[in-house]
Amino acid sequence: MAHQKPGEPRNLRTSVKGPLMFSAFWAVVAFFAVLIFASGGSARSPRFDLAFTGAGIAFIVTLVIAAMLSMSYKDNAAHLGKGSGVNLSSARKPSQGHGGHGSPGTQSRPDAPGAPGTTDAGDSGPDGGNS
């Protein structure tokens, strides 16, 4: 409402027309539903008194609910749409695994082939490959 300028038409959320049309639609639906189901069949006369009562109740209830929902509407703060966020991507960075230590394939074990300080030249064990 603070952004409303005089002479400019209101948008559907801030105008009265939206909730009134919504409530009128449900009042018409309730009118015909009560008119059909309260009569009890085609042999009896239609109950217009109950249909108008049901339509009035449906109109008032939906209008109050729409008014409460429109009053509780609030725009998000501008700072919430900016920044890097926390979980923008589920892809892992290549240098980090769980806990910030390297990924499991990049850690070197002293007994692993190709680890620093070991040789891979056909050496498959402590006895030189003669098992």
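Side chains included, hydrogens not; waters and symmetry mates left out as well; all remaining heavy atoms used.
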Measure the [atom1]-[atom2] distance between [X] and [Y] for me, rounded to the nearest 0.5 Å.
X   : Y   : atom1 : atom2 : value
D49 : L35 : CG    : CG    : 10.0 Å
T53 : F31 : OG1   : CZ    : 10.5 Å
I65 : I60 : CD1   : CD1   : 12.0 Å

For [X] and [Y], work out which heavy atoms get closest and say how close.
X   : Y   : result
A38 : R47 : O-CG, 3.6 Å
A66 : P19 : CB-CB, 3.9 Å
V34 : G54 : CG2-CA, 4.5 Å
A27 : A58 : CA-CB, 4.2 Å

Review point. Honestly curious: do F48 and V28 fall in one hydrophobic cluster under the side-chain, below-4.5 Å linking rule?
Key: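 Same cluster: F48 reaches V28 through Ile, Leu, Val, Met, Phe, Trp or Tyr contacts under 4.5 Å.
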**Study point:** Transitive ILVMFWY side-chain link F25 to F22, under 4.5 Å
**Key:**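 As far as the 4.5 Å side-chain criterion goes, F22 and F25 are connected within one cluster.
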Check your understanding: Hey, does W26 have a side-chain heavy atom less than 4.5 Å from the side chain of F59?
Key ->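 No. Closest side-chain heavy atoms not under 4.5 Å.
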Review point. Within the side chain of S23, is there an N or O that forms a donor-acceptor pair under 3.5 Å with the backbone of L20?
Key: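 Absent.
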